[in-house]
Amino acid sequence: MEKTLKPNEPNVISEPMEGELVVINLESGCYYSLNRAAAKIWSYLDKGISVEQIIAAQQGDGLDETEVNDTIASFCGFLEEEMLMIASASDQDLLEYESDSYEKPVIEKFSDMQEMLLLDPIHEVSEMGWPNEADK
Amino acid sequence: MNDQERKLLHAILDKDATTTRDAFYAWSNEINFDDVEAGSFRLIPLLYKQMSSLQDSYPNKNKMQGIYRYFLYKNSILMHKSLIALETLEQERIEYILLKGAALVAAYYQEPALRPMNDIDILVKREDAEKAFQVLSDLGWQPYPGRTFQQAFHSTYSISLNRDDNVDLDLHWNVIHQAAWEGTEKSYWENTEDVPYMKRTVKILSPELQILHNLSHGIRWNALSSIRWIPDVCQVIEKRNGDIDWNLLLQEAKDKKLVFTLKHGLNLLSNEFGVAIPSSFMDDLRAIPERKAEKKLYQYLTNPSRYDVIKVQWQIYNLSRSEASLLKKLIGLPSYLKQSLSFDSYGETLRYVIKKIWKRVRYGHKTKHTHVLLKK
């Protein structure tokens, strides 16, 4: 039985923004920034494509299969642990996977809600903008 | 609205790419982004959205994108954490209407980041206000220190409530500061629409009352510049242009004695920002004879150097009893002032009024009024 996941709505919202995906767990107040590769996996999961199919589609091109397997499985496990995605019954076939070069999915977590809300988005942030704090 | 704000608003509202860019660069070259006024700061998400639809790179883009993220986060958390209030009001069978930011996000902006807000505004019926307050109080929402529900209920039209987690609610029993006398709230309940909001259906004001409310509220001078009423009202008019009942808007403005305010607000939108408002409607609005009290109240509220609480209260009182004789108005004035200024006795009210008048005669208007900046 293949594993499928779906966004944990309505407790989780997501919004794509120029190369990243912002995900917010409204219950915990945690904020996540997903890089392009992570956002792509999120989007396939959202379409009902299984974790196994996504892993299978990423193999090839001389990549270390175990590493790819572990990285994607671990990323999907993290989405579940953080309650960003939950198990779903959907099982869609992966029809087409964009065949650009493999990039490691990265998810960055910001967990201190109070601190984030107090972080002045003009004067206290790095060049990357809120929620990235400037070096003190 | 100052010149910088005008440029910023053109950069946000103009439909033509060239004039948008011109306005953006003119604004950007003129300001120091670190010193942007708090009122303009609240418009940055809209500016970011507009500029990013035109080009990949522009000054302060990363910071603007960060501000968009900040308000996406802040508003989403606020809306989520305040859901319990709506759910409980529903369980207690207390009808409510969402006002201002939350309503505008639900029906017009769609994206939570685009309409920054500090609280969720909820309107309940006057007769339900005390029960609603109790319900919210039981959920942890309390008035700010020094304020009580009873005091607010008798002197104004809403009360700000705060919870330990800094989620703020504004509980309203009426809507517009300048027209909050008893009876004016009835039409809000007769002109609502249902919209989806956080996976549920809520009531918000019809587009006509949405225009009247946001315009009348925002046009008042505020230390935190409230120019956001301009994109707010533009959103409503542009998105609902086909189904706005302009006759209803006109009637509501007449009933609430807001003709002068509406005329000036819509003139600005039409003349400065090219918002499409039917010319026949504007003609009808201009044809209504100007009411002196409306004009004076508008001037007091939009010009901080002319603001005076006694004069404002007198004009509101005057408008609320426009059919009464001068003698009747004068007889009722002490009681009205005592209530609206939240004093316990007539003596205190009289002392306050005399002190205010004396200060005005002695010192005139010498207070410097400036818009607030963001902290550094």
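Each chain gets a letter, A, B and so on, in the order its sequence line appears, and its residues count up from 1.
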message: Heavy-atom cut-off 4.5 Å, strictly under: side chain, backbone, both or neither for Ile13(A) against chain B?
response: side chain

query: Taking NZ, NE, NH1 and NH2 as the nitrogens, is one of them in Glu27(A) or Lys81(B) under 4.0 Å from a carboxylate oxygen of the other?
result: no

field: Contacting region of Lys74(B) [heavy-atom separation from chain A under 4.5 Å]
entry: both

- prompt: If you count heavy-atom pairs under 4.5 Å between each of Glu18(A), Met116(A), Glu127(A) and chain B, which one has the most?
  reply: Glu18(A)

task: Would you mind listing every salt bridge (Lys or Arg N to Asp or Glu O under 4.0 Å) that reaches into residues 105-114 of chain B, with sequence neighbours excluded?
output: Lys49(B)-Glu111(B)

message: Could you check whether Asp46(A) pairs with Lys6(A) (Lys NZ or Arg NE/NH1/NH2 to Asp/Glu carboxylate O, under 4.0 Å)?
response: no

- line: Residues of residues 83-105 of chain B with a heavy atom under 4.5 Å from any heavy atom of chain A, in residue-number order, are none

message: Are there residues of residues 59-68 of chain B whose heavy atoms fall under 4.5 Å of chain A's heavy atoms? If so, which?
response: Lys61(B), Asn62(B), Lys63(B), Gln65(B), Gly66(B), Ile67(B), Tyr68(B)

task: Kindly say whether the aromatic ring centers of Tyr32(A) and Phe110(A) come within a distance under 6.0 Å.
output: no

- prompt: Among Pro121(A), Pro10(A), Pro131(A), Gly29(A), which residue forms the greatest number of heavy-atom pairs with chain B at distances under 4.5 Å?
  reply: Pro121(A)

field: Note: Glu193(B)-Arg240(B) ion pair, threshold 4.0 Å (strictly below)
entry: yes

query: Taking 4.0 angstrom as the limit, do Arg36(A) and Glu20(A) come out as a salt bridge?
result: no

message: Run the ring-ring contact (aromatic ring centres under 6.0 Å, His included) test against Tyr70(B) and tell me which residues pass, sequence neighbours left out.
response: Trp130(A)

Interchain contact, Ile44(B) with chain A, by part (heavy-atom threshold 4.5 Å): neither

message: Out of the candidates Phe33(B), Phe71(B), Tyr48(B), only one should pair with Phe41(B) under the ring-ring contact (aromatic ring centres under 6.0 Å, His included) rule; please name it.
response: Phe71(B)

query: Which region of Glu9(A), side chain (C-beta onward) or backbone (N, CA, C, O), has a non-hydrogen atom less than 4.5 Å from a non-hydrogen atom of chain B, or is it both or neither?
result: side chain

Part of Ile24(A) lying under 4.5 Å from any heavy atom of chain B: side chain

